[in-house]
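Working notes, beginning with the structure itself.
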Amino acid sequence: MMADTTTNSDLEEFLGKIDTIHDLINDIKVSDGTEGDSALKKADEFIERNEVKVTRNRTVINTSAVPSTSAPGQSINAAPVDMSSLPEGVSPEQAAFMASVEQDAKDRAKRRMQREKEALVPKEKGNAAFKEGAYAVAVEHYLEATRIDPANPLLYTNTAQAYIKMGEFEKAVERCDIAVRADERCLKAYVRRGLAKRALGEYAEAQQSFKTARSLASKAQLGTIDRHVEDTTLAHELALRHSRLQAATLPPTEKVRGTHDSPGGAAGTLADGNQHEAFKVIELGCAKLLTSVLPPRDAVACCALLGECLAGELPQDLFRLRKGTRILVENATCKAWLTAPSRGENADAVPLVSAALRLLRVAAVNNEASRRDIVEAPQRALLLDLLHKSSDASLIVPALELLREVGASDRVRDTFRKVCATEGCVVHAIFHAVREGHQSYKASAARGWSICSAGINTLSVFLTHDMLRSRACQLVHEDNSLLDMLFELARTHECALAVLSLLSSLSADTALRQALGTQAVVQRLLDLSTLYATRETAAWGPTATANLFGVLGNISLDAGAQDNLHNLSSVQKIMKPIRANNTEAVTARALMLLSRLCTKPEFVDMLIANDFLETILSVRISGTGEIACQAEDARTKIMTKCLKLRREASHAMIGAQRGISTLKDLLQWPSASLVGNVALCIAELATRKDACAAVADTTIVADLLNVARKDKNKSTENCAIAIARLAAGHPRHLARLRELGGIEVLHHRAPKDIK
């Protein structure tokens, strides 16, 4: 009797809880605002009091204790209960009740699926409104969806995201909290709560939300969350700095000065006092540009003023945190113009888009995080589309300059490589812009050359990525008109240096090197050297010539190109700036090119017969810097190769006015690589008896020995080889070696095969 009383009491308590839960769910479902918060609070208290565990879309019934005796939808009294199958102490009425509860759970699951299906309609309307930037409309649709399906946490996180876009951060936090109550493992709820808390300046709570999100995230999601953590730490640092600046004694508010032509120029002089003013300009300017509708002319002025404030990492980071780096997709005028199917010439939008592009370039200077943020989708696609569809230099040039700045980042270049197949190739887009600029160049030089120059310089940056360079080489190889265009631009002072830099990058590709190494292309390149030597090109010709010889040096790695350069006409054009005693850089590049070409005895014969070798030996190279070192190293390699290929070259070296003395002087240079090559050249020369005799009265053994006494390395080994060959080639050198006590040095430094 006592057992029955206890069981009935428990049953009544259980049914009472079911009624309470039913009432609470109804209150939450029909309420919103303050009433909804009150209902949720009551629900939380009930859960806490009764230790109820809430799980998403799951109702667990312990059916093992009491077997079901009713078919779905059947009354609990419709079938008799098998008394023999019931556990001890369970009456038929209790078993029937539990079967009814199980059926009720199934029915509720079915109703839940129906609610989710009905809520999908307003949810999709909200998503569409959100994509169009109609955030208030999106909120209305999301709220309607939550009234239909109040247990779906994703509806609350969608509403929170719309509130964040509207700047309603407290409401966003409330929605995220509700989402967490519905599903304590909802990742989006913690991430968006962290974003909203950061915007409210509650950095510790924001970091806690991101920490929880990180514990729930997959490996692919960790990178994004870590960036949120970094940005929150940075925002906190900026806030602390801002508060210190406010606390300091500041001069009266002054207008931040600068010029529209060089945004950021005046900002470099900002002291801590008026950096406070710069921060205020950034905060207010971003709010005006992104969350309110400014007249286009005022928006252009706002962009210029913001650009003047972005000197240094902290102002740039504040600009990024306030979504300034997303201006092309966040500003209504910019986005509408860039996404319009047919843009036309909008007199209002074009200056604003141009100003926004220049502002983004300033924000990206030496700032890796801003560079990555600027090229996030969909802004990245808009930039590429702009290069394809616009012909306005006021837009194309700043867009190319922006891409050049962000392209300095390895990660940005790799991002563009990854989206080549889906969004279009950045190299193809830039080439298209250059081609348009080239057409404009023929009609209006001032308009076209700026596009060509900016485009080619930008290409050179992106071609440091192997995959993008391969794509550019493929385009040039497939379209001969691109190469013709580059040669035409290489004849102009505005684009020559940029084109030659680009050709230098392209010639690193083996396949394209073969295409550039044909007789026709080689001659076109050599003809450019003649153009660059004229009086009209005196200001920029020497630099262009040095770059041109660098391109030819890369091309000469191809055997076919070498053959096309192994002729008197080509060598005369290469020797011309050397004989004219041109600049150090030109001489160095010309000597390096000749060093690569010196691969056949016939070529050496040509150098000797036309006195080219004597000119190479006699040319004076001033200075001791890196370029002079490259020139001397190239000259030494030419001498060594000539000696190996033709014995007659030793006569030219001995007879040259500065041949041997030059080698002796170079042994004193600080470059170990150069000294080692000089020693090899002397060792090769010492294989000729007449050459050993010709230098018997010089101090060459002592000079070599001074180097060989240093710590053992490749250059000291080469010096030891040269000393051994000199000593074997003439007795006076051997006597000098013994006199200086160099036998032991030779024993320790020379390679085993020489000993």
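- Within a 6.0 Å sphere centred on CD of Gln207, heavy atoms belonging to other residues, nucleotides or ligands number more than 12.
- A heavy-atom distance below 4.5 Å is not found between the side chains of Asp183 and Leu154.
- A salt bridge does not link Asp149 with Lys117: every distance from a Lys NZ or Arg NE/NH1/NH2 to an Asp or Glu carboxylate oxygen is 4.0 Å or more.
- Residues Leu489 and Val434 have side chains in contact (heavy-atom distance under 4.5 Å, counting atoms from C-beta outward).
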* Before giving the answer on salt bridge (charged side-chain N to carboxylate O under 4.0 Å, His left out), spell out for Asp373 and Arg227 the whole-Å C-alpha distance, their side-chain angles and the decisive distance to 0.1 Å. => CA-CA 11 Å; Asp373 202 54; Arg227 281 191 63 186; 3.7 Å; yes
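- Exactly one residue among Lys211, Arg214, Lys219 makes a salt bridge (charged side-chain N to carboxylate O under 4.0 Å, His left out) with Asp226. That residue is Arg214.
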* Could you check Ile327 against Leu290 for side chain to side chain contact (heavy atoms under 4.5 Å, CB included), going step by step and ending with a plain yes or no? => CA-CA 7 Å; Ile327 184 173; Leu290 306 181; 4.3 Å; yes
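- Look at Asp414 and Arg411 and you find no salt bridge, because none of the NZ, NE, NH1 or NH2 atoms lies under 4.0 Å from a carboxylate O.
- A donor-acceptor pair is defined here as one N or O able to donate and one able to accept, closer than 3.5 Å; no such pair exists between the side chain of Arg198 and the backbone of Tyr203.
- At a threshold of 4.0 Å, the pair Asp298-Lys288 does not count as salt-bridged, since none of the basic side-chain nitrogens sits closer than that to a carboxylate oxygen.
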* Test side chain to side chain donor-acceptor pair (under 3.5 Å) applied to Ser354 and Arg358, step by step -> CA-CA 6 Å; Ser354 178; Arg358 292 196 300 272; 2.8 Å; yes
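- Looking at every heavy atom in both residues, Leu187 comes nearest to Gln221 through CD2-OE1, 3.3 Å.
- What you find for Pro150 and Tyr156 is that their closest heavy atoms are O-OH, 2.7 Å.
- Arg469 and Thr464 share no side-chain donor-acceptor pair at under 3.5 Å.
- Put simply, CE on Met166 and CD1 on Ile164 are 12.0 Å apart, with the number rounded to the nearest 0.5 Å.
- Within 6.0 Å of atom CD in Glu376, more than 12 heavy atoms from other residues, nucleotides or ligands are found, so the atom counts as buried in its surroundings.
- Considering all non-hydrogen atoms of both residues, Val229 and Phe210 come closest at CG2-CB, 3.8 Å.
- At least one side-chain heavy atom of Leu310 sits under 4.5 Å from a side-chain heavy atom of Leu359.
- The main-chain N or O of Lys280 is never found under 3.5 Å from a side-chain atom of Glu283 such that the two would form a donor-acceptor pair.
- When only modelled atom types and interatomic distance are considered, Asn127 and Tyr142 share a side-chain donor-acceptor pair under 3.5 Å.
- Note on ring orientation: taking the six-membered ring where Trp is involved, the planes of Phe130 and Tyr135 are perpendicular (angle over 60°, cut-offs 30° and 60°).
- Listed by chain and residue number, Arg380 satisfy the salt bridge (charged side-chain N to carboxylate O under 4.0 Å, His left out) test with Glu423 (two or more places apart in sequence, or in another chain).
- Side-chain N or O atoms of Asn457 include one that pairs as donor or acceptor with a backbone N or O of Ser453 at under 3.5 Å.
- For the pair Ser370 (side chain) and Asn367 (backbone), a donor-acceptor distance under 3.5 Å is absent.
- Using a 4.5 Å heavy-atom cutoff, the side chains of Leu357 and Leu328 are in contact.
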* Dump the intermediate steps for side chain to side chain contact (heavy atoms under 4.5 Å, CB included) on His228 and Thr224, then the final yes or no. => CA-CA 7 Å; His228 290 322; Thr224 301; 3.8 Å; yes
* Checking side chain to side chain contact (heavy atoms under 4.5 Å, CB included) for the pair Ile396/Ser391: CA distance, chi angles, key distance, verdict? -> CA-CA 7 Å; Ile396 298 300; Ser391 58; over 6 Å; no
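- One distance of note links CD of Glu436 with SG of Cys452; it measures 10.0 Å at 0.5 Å rounding.
- Atom-to-atom distance recorded for Cys425:SG and Arg471:CZ is 5.5 Å, nearest 0.5 angstrom.
- Judged by distance alone, with hydrogens and angles left aside, the side-chain atoms of Ser390 form no donor-acceptor pair with the main-chain N or O of Leu386 at under 3.5 Å.
- Between Cys303 and Leu352, the shortest heavy-atom contact is SG-CD1, 4.2 Å.
- At distances below 3.5 Å, not a single donor-acceptor pair connects side-chain atoms of Arg175 with backbone N or O atoms of Thr157.
- To the nearest 0.5 angstrom, His141 atom NE2 is 13.0 Å from Asn158 atom CG.
- Using a 4.5 Å heavy-atom threshold, the side chains of Thr458 and Phe462 count as touching.
- Note that the SG atom of Cys286 and the NZ atom of Lys323 stand 11.0 Å from one another [nearest 0.5 Å].
- By the neighbour-count criterion of 12 heavy atoms within 6.0 Å, atom NE2 of His388 is densely surrounded, having more than that number from other residues, nucleotides or ligands.
- In this structure, a donor-acceptor pair under 3.5 Å is absent between the side chains of Thr233 and Glu230.
- Taking 4.5 Å as the limit, some side-chain heavy atom of Phe279 sits within range of a side-chain heavy atom of Pro315.
- A donor atom on one side chain and an acceptor atom on the other are found under 3.5 Å apart for Ser209 and Arg193.
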* **Chi angles and distances behind the side chain to side chain contact (heavy atoms under 4.5 Å, CB included) call for Val362, Leu306** => CA-CA 9 Å; Val362 177; Leu306 281 170; over 6 Å; no
* Take Glu330 and Lys165, measure what salt bridge (charged side-chain N to carboxylate O under 4.0 Å, His left out) needs, and give me the verdict at the end. => CA-CA 10 Å; Glu330 296 288 346; Lys165 290 290 187 180; 3.1 Å; yes
* Asked: Run the ring pair (Phe, Tyr, Trp, His ring centres under 6.0 Å) check on Phe169 and Tyr163 step by step: do they pass?
  -> CA-CA 6 Å; Phe169 303 114; Tyr163 276 136; over 10 Å; no
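- Annotation: side chain of Trp337 is not in contact with side chain of Pro296 (no heavy-atom distance under 4.5 Å).
- For the residue pair Glu368 / Ser409, a side-chain donor-acceptor distance below 3.5 Å is found, with atom types taken as modelled.
- Within the 4.5 Å cutoff, side-chain heavy atoms of Cys495 are placed close to those of Val499.
- Side-chain atoms of Arg371 come within 3.5 Å of backbone N or O of Glu405 as a donor-acceptor pair.
- For Glu202, the salt bridge (charged side-chain N to carboxylate O under 4.0 Å, His left out) criterion is met by Lys197, not counting sequence neighbours.
- In this model, a donor atom of one side chain and an acceptor atom of the other lie less than 3.5 Å apart for Ser394 and Asp392.
- Across all non-hydrogen atoms, the minimal contact from Leu463 to Leu468 is CD2-O, 3.7 Å.
- Taking SG of Cys186 as the reference point, atom CD1 of Ile178 lies at 12.0 Å (rounded to 0.5 Å).
- Pairing each heavy atom of Pro122 with each of Ile148, the nearest pair is CG-CD1, 4.1 Å.
- With hydrogens and angles disregarded, a donor-acceptor distance shorter than 3.5 Å links the side chain of Gln316 to the backbone of Val365.
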